[in-house]
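Working notes for the structure below.
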Amino acid sequence: MSADFPLEGTCKLRSGPSGDPVDSIAAEYATLADEYGPRNVLVLKRHPAGLERIEEALADVAATSSPRSPRIESVPEHASKVVEEFDPTLDRLEYEERIELISLVIDGTSRDVPAYIERASAHESFVRDVGQLLLEATRQGIRLDDLERADETPHDCLAFLYAINDRFHEEIASRDYVERADVIPRAVELLEADADGLRARVTDSIDAVLAVEFEEYRRLDRRYLAALSADADLVCLGERHASVDRTRVERGRIGDVVGAGLEIQTLEETAEGSRSEDQAPHDALTRFLATGESPAGRSGRAKRIRTRTARDQFRAVATEIRSLRERHGWRYDQFAVAVPRIERVPETRRSLREAGVPTATIGTPSLAEDPAVNELFAFVTVQCDRDRGGAEADRRERHRDDDHDAALERLRARVDDFSPALLEACSGAGVSRSLARWILETDLKGRIGATEEWVDAREQYEGVRRVLEIARFVEETDLVGPDWQGLRRMLRRTIRYDAPYVHTVEARSPTGGVAVRPIEDLKYDSRAAVFVLDLIDETYPGEQFLTQLFPTAWLHEMSTYPAVTDLSPADVESTFAPASGDDGVGTPFERYHAQRSRRRLALGSRAARSVLYCCSYERGSGGLRRTYDESRYLTLIDSTSGIELEDVTDDATAAVRGASTAVETILAQPRGELERVLREASTGGEADLGATEALFCEIALVLEDDVDPDLAAAIRSQFEFAAGEVISDE
């Protein structure tokens with residue numbers, strides 16, 4: 001029978017997300033390490049993001065009393081080890097395997113499909129949206145049978161999807177798999193039931209638990225923490241006005257939902273932390289975004305970049321990074337660029353690199369965009385035809401196989417010595433061995449390393465690894481045929497529904513690199529300068545909250561949806577502290593989730609130690625006129641007394657820094673300057689050519705040493721185009 005463990009201990013909360021939270025963590029850890037010894041103190045952080053930085057800070061503390069490193073893990077990572085301790089034979093289901101298995105369960109369902117789900121399934125994002133919903137339901141332990149026993153009636157669409165999810169988990173359980181999202185619920189059940197004496201084995205060496213980022217611990221996370229710390233000293237560290245993830249699924253402030261067993265204390269700011277010289281210039285802005293507090297005598301300063309297009313935004317950020325490096329000598333790894341969602345990482349990183357700024361974030365933007373993955377998929381496609389008896393043998397009896405022809409062309413283009421004999425040599429026993437043979441025989445990894453930049457090479461190596469894992473899974477499972485047809489079907493489905501940047505990691509560039517991250521991942525980070533991108537109202541707060549799967553009006557009525565949906569005005573007030581002028585727009589649902597968006601901005605701004613940049617770009621208004629549709633929060637900041645936004649100029653007189661920028665600028669100038677002069681002439685104005693002359697002089701200085709002949713020809717062509725000479729005389 002499961003035991004009910006209450007949370008008992010001390011909960012220390014900072015007043016808000018200002019200053020560096022790692023300092024408080026290190027101080028509390030030092031106290032516990034002195035009392036219990038570093039190896040007897042377990043530090044748990046709710047999310048993995050920022051874990052390395054905390055580990056480095058705690059290692060310095062532990063080194064003073066012990067040579068051993070601190071015990072610090074994220075809650076999902078620790079729970080995974082608990083599940084493995086109970087049953088080492090369990091395998092965690094990988095992302096690609098989950099896509100395949102849940103698709104097969106959906107295809108094989110006997111339950112009537114609701115008409116809305118039938119129509120929605122035609123949309124490109126359907127599988128991804130459903131996958132995210134079911135992941136969230138799994139994390140919270142939502143089961144259809146439990147809802148029905150509690151006399152709750154889910155919406156027909158939710159009932160269908162929850163039934164699919166329950167069937168899916170029955171299937172993977174029968175095959176000794178555990179889904180990543182199900183790790184914490186499974187670990188909670190095992191610890192509370194003390195299955196096979198598991199709890200004693202896991203907690204035997206734990207005398208104290210330090211729970212970090214406590215404001216983000218959800219209901220099941222708190223149950224896990226309670227079971228883990230029942231016989232240990234528990235100290236929880238958190239921040240008021242800083243929860244973004246927990247408030248998505250649970251209304252209320254953290255101090256109001258933890259029960260009476262935790263003694264709530266407010267951490268006072270230290271004398272050192274309160275000194276103005278140690279505060280960031282924009283500290284008042286951060287506090288205003290997080291808590292709604294007026295600066296009240298304090299001043300806050302940040303910089304604002306406003307451009308015409310999103311592409312110009314990237315270029316302006318790159319130019320400012322280079323400028324700051326020249327002025328302050330900052331390394332690239334002292335900069336961070338915050339994007340509103342993870343899907344924006346690939347484009348942002350690519351645009352910065354094109355502008356000559358190295359980045360540290362690598363991963364697989366999408367399998368469909370990976371050249372190495374596409375080569376392997378082409379190899380699999382050709383082997384499928386060979387398995388059926390050869391493409392040429394039955395070409396007369398069927399239509400032209402476009403997929404086969406395209407695959408052959410891709411292989412010929414990628415591999416210099418491609419031949420049918422090479423295909424035959426790479427046909428062995430088992431699809432995974434054949435793939436590995438192709439990689440070896442064609443020197444795929446060597447070709448990647450020789451032709452790609454280091455960051456692209458790392459991404460493609462990761463893509464190759466994922467394809468090999470899929471091939472091994474195909475051979476092991478009984479749900480997919482262990483042959484080329486089964487592998488091709490699974491690869492095709494995985495490539496189609498692969499979520500952008502699911503597998504993002506941080507890596508140290510040989511020369512350092514700018515961090516490009518979703519804004520909430522900067523919560524425990526600290527950089528000299530942070531650029532917050534896309535500060536437009538469409539993004540902060542945006543209009544599409546929680547999911548694109550259902551209309552917002554439906555979400556209001558879906559009380560069993562795995563997030564906070566049925567809200568009242570009192571819920572907004574009791575969970576957040578809306579700033580004056582920001583508390584009466586929209587429905588309670590819209591206001592509630594807009595406040596979460598505002599908090600994300602506060603967390604991103606807090607990460608900047610020296611300077612914060614708020615970046616926006618123009619939005620089209622549906623006609624010829626273009627206007628700035630800045631985020632309402634940026635407008636609110638701009639109108640608040642005591643907070644100053646200093647515009648970063650981006651005009652023709654701005655200095656040109658770096659050869660890549662010089663090339664872009666010089667190629668754009670002839671036509672751009674001609675258009676400017678014509679505009680002035682058409683309106684009766686006078687065009688000042690002095691600014692253009694000064695800019696061209698700067699460009700000439702940057703490129704005066706060595707000018708590539710092709711570049712010179714391109715520059716000459718631009719002047720010819722500007723002069724109306726479309727075809728060169730030569």
Side-chain angles (χ1 to χ4, degrees), residues 102-103 105-106 109 111-169 181 218-219 244-252 340-341 343 497 499 537-576 583-600 632:
I102 203 166
S103 298
V105 169
I106 292 175
T109 184
R111 193 181 181 101
D112 291 338
V113 181
Y116 176 82
I117 294 293
E118 190 75 47
R119 294 193 301 272
S121 63
H123 292 276
E124 183 179 350
S125 64
F126 173 76
V127 170
R128 194 170 301 161
D129 292 336
V130 168
Q132 290 300 316
L133 187 152
L134 298 186
L135 280 173
E136 193 55 57
T138 301
R139 290 189 185 104
Q140 297 179 45
I142 297 176
R143 300 286 186 268
L144 182 59
D145 289 345
D146 295 338
L147 293 176
E148 292 175 345
R149 280 195 294 268
D151 292 329
E152 295 191 56
T153 306
H155 187 281
D156 287 347
C157 293
L158 285 180
F160 172 79
L161 294 175
Y162 289 161
I164 290 292
N165 202 37
D166 293 346
R167 170 74 186 282
F168 167 66
H169 283 96
R218 303 176 175 189
R219 177 182 58 87
V244 173
D245 182 64
R246 180 188 60 82
T247 50
R248 185 180 190 273
V249 302
E250 182 179 85
R251 59 176 63 80
R341 57 190 182 278
E343 289 82 0
Y497 297 125
D537 214 51
E538 184 180 287
T539 303
Y540 294 102
E543 299 176 353
Q544 198 77 44
F545 298 114
L546 301 183
T547 182
Q548 301 180 76
L549 186 59
F550 300 118
T552 300
W554 285 23
L555 290 174
H556 294 178
E557 307 298 326
M558 289 180 166
S559 59
T560 58
Y561 188 86
V564 177
T565 57
D566 53 335
L567 289 150
S568 68
D571 292 323
V572 183
E573 300 296 331
S574 62
T575 305
F576 303 96
D583 54 358
V585 180
T587 65
F589 173 86
E590 293 167 337
R591 288 171 50 206
Y592 182 94
H593 290 287
Q595 293 302 320
R596 292 180 52 247
S597 181
R598 196 187 75 177
R599 279 190 177 175
R600 293 168 68 222
R632 68 190 65 174

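- Atom CD of Q595 is separated from atom OG1 of T575 by 10.0 Å, given to the nearest 0.5 angstrom.
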> Given the rule in the side-chain contact (heavy atoms from CB on, under 4.5 Å) test, do E152 and D146 qualify, once you have shown the distances and angles that lead to the verdict?
Replying inline: CA-CA 9 Å; E152 295 191 56; D146 295 338; over 6 Å; no
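- Taking CG from L555 and NE2 from H593, the interatomic distance works out to 8.0 Å, rounded to the nearest 0.5 Å.
- With hydrogens and angles disregarded, a donor-acceptor distance shorter than 3.5 Å links the side chain of Q140 to the backbone of P562.
- Judged purely by atom type and a 3.5 angstrom limit, R251 has no side-chain atom pairing as donor or acceptor with the backbone of V564.
- Closest approach of P551 and Y116 over heavy atoms only: CD-OH, 3.5 Å.
- The backbone N or O of V244 sits less than 3.5 Å from a side-chain atom of R596, completing a donor-acceptor pair.
- Contact of the T587 side chain with the H556 side chain is registered, since non-hydrogen atoms from C-beta on lie closer than 4.5 Å.
- The nearest pair of heavy atoms linking D537 to R632 is OD1-N, 2.8 Å.
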>> Pair T547, Q132 - check side-chain contact (heavy atoms from CB on, under 4.5 Å), show working.
In response: CA-CA 9 Å; T547 182; Q132 290 300 316; over 6 Å; no
>> Using side-chain contact (heavy atoms from CB on, under 4.5 Å), reason through I117 and L161 one step at a time and then give a plain yes or no.
In response: CA-CA 9 Å; I117 294 293; L161 294 175; 4.3 Å; yes
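- Considering every non-hydrogen atom in both A137 and N165, the closest pair reads CB-ND2, 4.2 Å.
- With F589 as reference, T552 is the one residue of D571, D566, T552 to meet the side-chain contact (heavy atoms from CB on, under 4.5 Å) rule.
- For the residue pair T247 and Y592, the shortest heavy atom distance occurs at O-OH, 2.7 Å.
- Nearest heavy atoms, L144 versus A159: CD2-O, 3.7 Å.
- Looking only at side-chain heavy atoms (C-beta outward), L134 and F168 stay at 4.5 Å or farther from each other.
- Heavy atoms only, all atoms of each residue included: C157 and W554 are closest at SG-CZ3, 4.3 Å.
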> Between E136 and L133, is a side-chain contact (heavy atoms from CB on, under 4.5 Å) present by the stated rule, with each step listed?
Replying inline: CA-CA 5 Å; E136 193 55 57; L133 187 152; 5.9 Å; no
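- Side chain of R600 to main chain of P541: no donor-acceptor pair is present (N/O by atom type, distance under 3.5 Å, no hydrogens or angles).
- Atom OG1 of T560 sits about 6.0 Å away from atom CG of L147, to the nearest 0.5 Å.
- Taken to the nearest 0.5 Å, the CZ atom of R248 stands 5.0 Å off from the CG atom of L546.
- We find the OH-CD distance between Y162 and E148 to be 12.0 Å, quoted to the nearest 0.5 Å.
- With rounding to the nearest 0.5 Å, the separation of CZ in R599 from CZ in F576 is 5.0 Å.
- Between Y561 and F550, the ring-plane angle classifies as perpendicular under the 30° and 60° cut-offs.
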